[in-house]
Amino acid sequence: MKAKLFIFTIVCLLLIVLSACGRSASSDSEESAENTQKNTEASSGNEEEKTVTYLEEEYTVPSETDKIAAASLEAMEDAAMLDVQPIGAITYAGELPSYLAEDLEGAESIGEKTQPNYETLLSMKPDVILGSSKFPADVTEQLNKVATTIPVSHISTNWENNLNLMAELTGKQDEAEKVINGYKEDVEKISSSVESMVDEKVLVIRVRSGNLFVYPQDVYLNPVLYNELGISVPEEIKSVEAQEMISLEQLAEINPDHIFLQFAEDENADQPNMLEDLKENQIWKSVKAVNEDNVYVNTVDPLAQGGTAWSKTKFLQGVQENLAE
């Protein structure tokens, strides 16, 4: 009798142990399933965003950036170069700049050059805003409240980074590579045809508000001449650190052999006849480039930003037409 009671007790204990193990396994299985679901949800969330690195800064944007607001001329020129259609772009007096209007047809105005319209941008719900490094900090801060805003560099030597940024956002890396390689090939070809004038003084001058401005050697259109084609940097340009106004007297002292003169009516509303007035000015007439008919007006559209693939490509063509032998 005692033996039967002992065996019964052992069986009961075994059943209790097995039941506990079953509950534990079931609990572990449920917890594992829950963790898997959480991990899947986290992974799915990560797929909705991506990190873009531009000029050593990281920006978080949606994984699909189909709705791009081009809030700078730099970004608009890159969009035109890669046949990208932004949903919005900046305008002049409510109109797209004429030199980009055809390529960006359909883009809605998001405000004027230095005054993006936040309400319009909010209604558009862009995936990303491409601004300008020239924007004041408070403008960029406000734009960031609408969508991630990337300040596209206005420094000409960053042109490849700028184009590759647009390419990464739109999946046009192959097109960007072709543009960059094609430009470099053209530079190599043209360089040999301007070798005879590498020691001549060549200036890019921009007329704004009736005044003459020059730029540092790595800003605006200057890198095409000095960094890529190998034309000597005039001593007077080496000391320039930002857009700098010069007088006619200073220009006469520099006495350049060639002048690429950029004049936009929109930037000279108070003096629309500035170019005609220059032709009658005796100091202007004394400049070597003027005497020898080596002044090239608006070789590239005067509103072109200079430091983009679009600007550089067009300007290189103009240099070839005017300087190449």
Quiz item: Just by modelled atom types, is the Asp301 backbone N or O under 3.5 Å from a matching donor or acceptor in the Lys314 side chain?
Solution: no
Quiz prompt | Set of residues satisfying side-chain hydrogen bond (donor to acceptor under 3.5 Å, both in side chains) with respect to Lys184, sequence neighbours excluded | solution = Glu160
Self-check item: Derivation and outcome, side chain to side chain contact (heavy atoms under 4.5 Å, CB included), residues Ile155 and Val219
Solution: CA-CA 5 Å; Ile155 303 300; Val219 175; 4.1 Å; yes
Quiz item: Given the rule that I, L, V, M, F, W and Y join up when any side-chain heavy atoms are under 4.5 Å apart, are Val319 and Val198 in one cluster?
Solution: no
Quiz item: Does atom CG of Asn181 have more than 12 heavy-atom neighbours, drawn from other residues, nucleotides or ligands, at distances under 6.0 Å?
Solution: yes
Practice problem: Side-chain contact test, heavy atoms from C-beta onward, threshold under 4.5 Å: evaluate it for Glu58 versus Val52 and give yes or no. | Solution: no
Quiz item: Taking everything shown except Gln317 itself, do over 12 heavy atoms lie less than 6.0 Å from its CD?
Solution: yes
Quiz item: Are side-chain heavy atoms of Leu229 and Val224 found at a separation under 4.5 Å?
Solution: yes
Quiz item: Tell me, do Val139 and Tyr118 make a side-chain contact under 4.5 Å, heavy atoms counted?
Solution: yes
Quiz prompt | Within-4.5 Å side-chain heavy-atom neighbours: Val214 and Ile254 | solution = no
Practice problem: With sequence neighbours excluded, give me every side-chain hydrogen bond (donor to acceptor under 3.5 Å, both in side chains) pair touching residues 278-288. | Solution: Asp257-Lys288
Quiz prompt | Glu235, His258, Glu236 screened by side-chain hydrogen bond (donor to acceptor under 3.5 Å, both in side chains) with Lys201, the one that passes | solution = Glu236
Quiz item: Under the side chain to side chain contact (heavy atoms under 4.5 Å, CB included) criterion, do Val295 and Val287 qualify, and how do the steps go?
Solution: CA-CA 10 Å; Val295 178; Val287 176; over 6 Å; no
Quiz item: What closest approach, in Å, do Ser191 and Val187 show between heavy atoms, and which atom pair accounts for it?
Solution: OG-O, 2.7 Å
Quiz item: If you count the non-hydrogen atoms of other residues, nucleotides and ligands that lie under 6.0 Å from CD in Glu241, is the total more than 12?
Solution: no
Self-check item: Flag for Thr91-Glu112: side-chain donor and acceptor within less than 3.5 Å
Solution: yes
Quiz item: Does any donor atom in the side chain of Ser72 or Ser132 lie under 3.5 Å from an acceptor atom in the other side chain?
Solution: no
Quiz prompt | Contact summary for Leu303 and Tyr99, nearest pair of heavy atoms | solution = O-OH, 3.3 Å
Quiz item: Does Asp218 offer a backbone N or O that forms a donor-acceptor pair with the side chain of Asn222 under 3.5 Å?
Solution: no
Quiz prompt | Backbone N/O of Thr60 and side chain of Thr148: donor-acceptor pair under 3.5 Å | solution = yes
Quiz item: Do His154 and Gln305 have a side chain donor and acceptor closer than 3.5 Å?
Solution: no
Quiz item: Listed by chain and number, what are the salt bridge (charged side-chain N to carboxylate O under 4.0 Å, His left out) partners of Glu119, not counting sequence neighbours?
Solution: none
Exercise. May I ask you to decide if Asp103's main-chain N or O and Gln85's side chain share a donor-acceptor pair within less than 3.5 Å?
Key: yes
Exercise. Answer yes or no: is there a side-chain heavy-atom contact under 4.5 Å between Leu251 and Leu203?
Key: yes
Quiz item: Do Thr120 and Ser109 come within less than 4.5 Å of each other through their side chains, counting heavy atoms only?
Solution: no
Practice problem: Kindly say whether Ser247 contributes a backbone atom to a donor-acceptor pair with the side chain of Gln250 at under 3.5 angstrom? | Solution: yes
Exercise. Determine the minimum heavy-atom distance between Trp159 and Gly307, stating which atoms define it.
Key: CB-O, 3.7 Å
Quiz item: Do you know which two heavy atoms are closest between Ala69 and Ile110, and how far apart they sit?
Solution: CB-CD1, 4.4 Å
Exercise. Examine distances only and state if a side-chain atom of Ser209 and a backbone atom of Asn211 form a donor-acceptor pair shorter than 3.5 Å.
Key: no
Quiz item: Can you find a heavy atom in the side chain of Tyr215 that is under 4.5 Å from one in the side chain of Val240?
Solution: no
Quiz item: Stepwise, does the side chain to side chain contact (heavy atoms under 4.5 Å, CB included) test hold for Val61 with Asp127?
Solution: CA-CA 7 Å; Val61 298; Asp127 296 318; over 6 Å; no
Practice problem: Would you name the heavy atoms of Lys189 and Ser192 that are closest together and state the gap between them? | Solution: O-OG, 2.9 Å
Exercise. May I ask you to check whether over 12 heavy atoms, not counting those of Asp293, lie within 6.0 Å of atom CG?
Key: no
Quiz item: Does a donor on one side chain sit under 3.5 Å from an acceptor on the other, for Gln243 and Arg208?
Solution: yes
Exercise. Just jot down the side-chain hydrogen bond (donor to acceptor under 3.5 Å, both in side chains) partners of Glu228, sequence neighbours excluded, or say none.
Key: Tyr183, Lys312
Quiz item: Which residues pass the salt bridge (charged side-chain N to carboxylate O under 4.0 Å, His left out) test with Glu77, sequence neighbours left out?
Solution: none
Quiz item: Between the side chains of Ser232 and Asp199, does any donor sit under 3.5 Å from an acceptor?
Solution: yes
Quiz item: So, for Ile283 and Ala252, which heavy atoms are closest and what is the spacing to 0.1 Å?
Solution: CG2-CB, 3.9 Å
Practice problem: Output every pair passing side-chain hydrogen bond (donor to acceptor under 3.5 Å, both in side chains) with a member in residues 162-177, not counting sequence neighbours, ordered by first then second residue. | Solution: Tyr54-Asn162
Exercise. Could you tell me the separation between the CG atom of Leu121 and the CD atom of Gln142, rounded to the nearest 0.5 Å?
Key: 11.5 Å
Quiz item: For the side chain of Asp266 and the backbone of Tyr92, is there at least one donor-acceptor N/O pair under 3.5 Å apart?
Solution: no
Exercise. For Leu143 and Phe135, run side chain to side chain contact (heavy atoms under 4.5 Å, CB included): C-alpha distance rounded to whole Å, both residues' side-chain angles, the deciding distance at 0.1 Å, then the answer.
Key: CA-CA 10 Å; Leu143 291 175; Phe135 281 173; 3.7 Å; yes
Quiz prompt | Distance in Å, Asn294 CG paired with Asn322 CG, rounded so as to fall on 0.5 Å steps | solution = 9.0 Å
Quiz item: Are any of the side-chain heavy atoms of Phe260 and Leu221 separated by less than 4.5 Å?
Solution: no
Quiz prompt | Exam field: side chain Lys67 to backbone Ile87, donor-acceptor pair closer than 3.5 Å | solution = no
